[in-house]
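Nothing here was measured: the structure is a model prediction, and the numbers come from that model.
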Amino acid sequence: MKKEVVAMLLAGGQGSRLYALTSNVAKPAVPFGGKYRIIDFPLSNCVNSGIDTVGVLTQYRPLELNSYLGNGQPWDLDRSDGGVHILPPYLGEGEKGSWYKGTANAIYQNIGFLDLYDPEYVVVLSGDHIYKMDYSEMVAFHKKSEAACTISVLEVTMEEAKRFGILNVEADDKVYEFEEKPPQPKSNLASMGIYVFTWSKLRKYLIDDEADPNSSNDFGKNIIPNMLNAGEKLMAYRFAGYWKDVGTIDSLWDANMDLLSRNSGLDMYDESWPIYARTPIKPPHVTGPNASISHSLVTGGSQVDGIVANSVLFNTVTVGTGADIQYSILMPGATVKEGAKVYYSIVAENATVEAGAVVGSAPDGSENWGIAVVAGGVTIGEKATVSPKAMIREDVKGGEQA
């Protein structure tokens, strides 16, 4: 059962900043890029990096995510020795137990799982980032450095640095200070929330952290500072590729739009590093006599008889005659009927925009403009108007403005 490396994927986040899109699903299960879900990226990175044992820690609304993961077959993780394991919080006999109280507590509650594999190293990942990364290279860097912890970092602007955990390092990238969202950052090395730990070290700090009643049980707030204060060797691992935290509506929309750009750095056609997914079997998309599709992704099972430009359409989307879709994301099962307009918007799974309705608008430079969102299953009535930046969770009657 022993594995040199085990990955622990934190996938229990509520994703409150995604508002209507995470009313019924965990953030890692949110659809992305026409045929994927967010969690496909870290899972595929694990497999492509040679890591065949992955614990997925679920919590908030896990049903759809658990169903999607299944036995792990799409990611080649359906294995008797290792594979993917879904790890929800649990209550043992005679234990008080609780929901996962923080990122560190989530790993602490699964010490027993990790001990089964007795790994030398544990890779801790987040389930809500879009990127391609070879974790084996980061593990090799960690081993060569003889570090207790290695943190992947990305160079950001000094203005952006205020929103991240920032690592201050010596010339050899050894970390001497960690600052959580500093108002006046000293460097621009932002933590990506991707860690490699020497398991024997991490295990001790998790147990000590759990015993501290004042701890937030968080890696950034507690474990990393505690290791630094104890004199452990922490290293920064510099990452230079595409990476995006899709925890907000704007960033999720941006990342989808990046798929339409050849220069974004997110290459989905690179056969050397495929992103695997559990893809429904649907017929090819079909276009009607009135269809016009330009600079867009259109997935199988979709039926288009309107205008689609600069947009991402998932499977089984329907666009009626005379409908106009611009710079928008239509998730699985979305329907936009005759003459409706959807501009700079996200229409979630199985939502319906009735004939003549208008959702969103082109940017106008005002503070009130933003991406409009229609939640899953919601119906926007005939000739109704959904304002830019609106978050629609309930049906809107015909002719109303929301």
Salt-bridge contact Glu232-Lys204 (side-chain N to carboxylate O under 4.0 Å):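 Salt bridge between Glu232 and Lys204, a charged N being under 4.0 Å from a carboxylate O: no.
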
| message | If you define the side chain from C-beta out and look only at heavy atoms, does anything of Arg393 sit under 4.5 Å from Tyr19? | response |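 Yes - at least one pair of side-chain heavy atoms lies under 4.5 Å apart.
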
- Query: With side chains defined as the heavy atoms from C-beta onward, is the minimum distance between Phe32 and Asn256 less than 4.5 Å?
  - Reply: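 Answer yes - side chains close enough.
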
Q: Check the pair Asn263 / Ser261 against side-chain hydrogen bond (donor to acceptor under 3.5 Å, both in side chains), numbers first and verdict last.
A: CA-CA 5 Å; Asn263 301 317; Ser261 172; 5.0 Å; no

For this session: Indicate the ring-plane relationship of Phe164 and Trp243, choosing parallel, tilted or perpendicular according to the 30° and 60° boundaries.
Result: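 Geometry flag for Trp243 against Phe164: tilted rings.
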
Notebook entry, point to check: Which class fits the ring pair Tyr344 and Tyr327: parallel under 30°, tilted 30 to 60°, perpendicular over 60°?
Noted result: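 Parallel: the ring planes of Tyr344 and Tyr327 meet at under 30°.
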
Compile the donor-acceptor pairs under 3.5 Å between side chains in residues 348-361 and protein atoms, sequence neighbours left out, one pair per line.
from   : atom 1 : to     : atom 2 : distance (Å)
Glu354 : OE1    : Lys337 : NZ     : 3.2

Next item on the list: Report the C-alpha distance between Asp115 and Arg203 in whole Å, list the side-chain angles of each, state the deciding distance to 0.1 Å, and finish with yes or no for salt bridge (Lys or Arg N to Asp or Glu O under 4.0 Å).
Entry: CA-CA 10 Å; Asp115 283 346; Arg203 195 179 190 282; 2.8 Å; yes

ring-ring contact (aromatic ring centres under 6.0 Å, His included) assessment of Phe41 paired with Trp273: CA-CA 11 Å; Phe41 287 80; Trp273 202 269; over 10 Å; no

Reported [atom1]-to-[atom2] distance for the pair [X] and [Y], which is rounded to 0.5 angstrom:
| X | Y | atom1 | atom2 | value |
| --- | --- | --- | --- | --- |
| Thr58 | Ile39 | OG1 | CD1 | 9.0 Å |
| Lys35 | Asp40 | NZ | CG | 9.5 Å |
| Lys244 | Asp254 | NZ | CG | 4.5 Å |
| Thr103 | Tyr195 | OG1 | OH | 6.5 Å |
| Asp218 | Glu180 | CG | CD | 7.0 Å |
| Cys149 | Phe178 | SG | CZ | 10.0 Å |

Centroid-centroid distance, Tyr135 to Tyr121, less than 6.0 Å |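 Centroid separation for Tyr135 and Tyr121: 6.0 Å or greater.
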
Next on the checklist: For a salt bridge (Lys or Arg N to Asp or Glu O under 4.0 Å) check, start with the C-alpha distance between Glu120 and Lys143, then their side-chain angles and the critical distance, and finish with the verdict.
Outcome noted: CA-CA 10 Å; Glu120 298 294 326; Lys143 292 165 66 174; over 6 Å; no

Please walk me through it: do Lys3 and Asp81 pass salt bridge (Lys or Arg N to Asp or Glu O under 4.0 Å)?
CA-CA 9 Å; Lys3 298 283 184 178; Asp81 180 15; 3.8 Å; yes

Hydrogens and angles aside, do [X] and [Y] bring a side-chain donor and acceptor to less than 3.5 Å of each other?
| X | Y | answer |
| --- | --- | --- |
| Asn368 | Ser366 | no |
| Asp270 | Ser272 | yes |
| Asn217 | Asp209 | yes |
| Asn24 | Glu64 | no |

For atom NZ of Lys383, is the number of surrounding heavy atoms from other residues, nucleotides or ligands below 6.0 Å larger than 12?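 Not more than 12 within 6.0 Å, no.
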
Donor-acceptor under 3.5 Å ([X] side chain, [Y] main chain):
| X | Y | answer |
| --- | --- | --- |
| Thr248 | Ser251 | yes |
| Ser328 | Ser311 | no |
| His295 | Leu260 | yes |
| Asp78 | Asn71 | no |

Fill in: Stepwise side-chain hydrogen bond (donor to acceptor under 3.5 Å, both in side chains) test for Ser302 and Thr299
CA-CA 6 Å; Ser302 292; Thr299 311; 5.9 Å; no

Going by side-chain contact (heavy atoms from CB on, under 4.5 Å), Val319 matches just one of Leu330, Asp305, Thr335, Val342. Which one?
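Filter result, single survivor: Leu330.
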
With Glu155, which residues qualify under salt bridge (charged side-chain N to carboxylate O under 4.0 Å, His left out), at least two apart?
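Listed in chain order: Arg238.
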
